[in-house]
Asks: 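Sharing a structure below in structure tokens format, with a few things to ask.
All values below come from the heavy atoms of this structure, side chains included, with hydrogens, waters and symmetry mates left out. Model, not experiment: these values are computed from the prediction.
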Amino acid sequence: MARVCSIRGSRVRVGGRIHRSGLAKKKGGIGRHVTKVVKRTVSPNLHTKRIYVPELGRHVKVKLSAKAIKTINKNGAFATLKKAGLI
């Protein structure tokens, strides 16, 4: 299963990490220099949760990001899952 949030659609992003070498001028060197930019992935904070929906009278198992869990706590399970098209 892909690393994607069911509610928000948050997915793995690709970014760059900068490698630097040299000693800072403040510490007596000639300054720091960028030597390489390396690709890296940034994963969302995903959790598989079993959420009880009182309107349906049953549990729903979904993969959520931490931000989506806060959204469910704020707006309610039924409204949030219905807006996302999961129920």
Asks: With clusters defined by side-chain heavy atoms of hydrophobic residues (ILVMFWY) lying less than 4.5 Å apart, directly or transitively, does V62 cluster with V12?
Replies: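 In one cluster with V12: V62, no.
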
Asks: Output a table of donor-acceptor pairs, distance under 3.5 Å, between side-chain atoms of residues 36-55 and any protein atom two or more places apart or on a different chain; print 'none' if there are none.
Replies:
residue	atom	partner	partner atom	Å
N45	OD1	H47	NE2	3.2
R50	NH2	H59	ND1	3.4

Asks: Which pairs with one or both residues in residues 62-87 pass ring-ring contact (aromatic ring centres under 6.0 Å, His included), sequence neighbours excluded?
Replies: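 Residue pairs passing ring-ring contact (aromatic ring centres under 6.0 Å, His included), neighbours aside: none found.
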
Asks: Does V4 sit in a hydrophobic cluster with other residues, and if so which ones, taking ILVMFWY side chains as linked at heavy-atom separations under 4.5 Å, directly or through other members?
Replies: none

Asks: Ignoring hydrogens and angles, write down the donor-acceptor pairs under 3.5 Å from the side chains of residues 14-26, residues two or more places apart or on other chains.
Replies:
none

Asks: Enumerate, atom names and distances included, each donor-acceptor pair closer than 3.5 Å involving a side-chain atom of residues 79-87, sequence neighbours excluded.
Replies:
residue	atom	partner	partner atom	Å
T80	OG1	G76	O	2.7

Asks: Mind checking what makes side-chain contact (heavy atoms from CB on, under 4.5 Å) contact with R8, not counting sequence neighbours?
Replies: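 Residues passing side-chain contact (heavy atoms from CB on, under 4.5 Å) with R8: C5, S10, S65, K67, A68.
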
Asks: Got a sec, which residues hit side-chain hydrogen bond (donor to acceptor under 3.5 Å, both in side chains) with N75, two or more places apart in sequence or on another chain?
Replies: none

Asks: I'd like to know if the side chain of S6 and the backbone of L64 have a donor-acceptor N/O pair within less than 3.5 Å.
Replies: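 It does not hold such a pair.
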
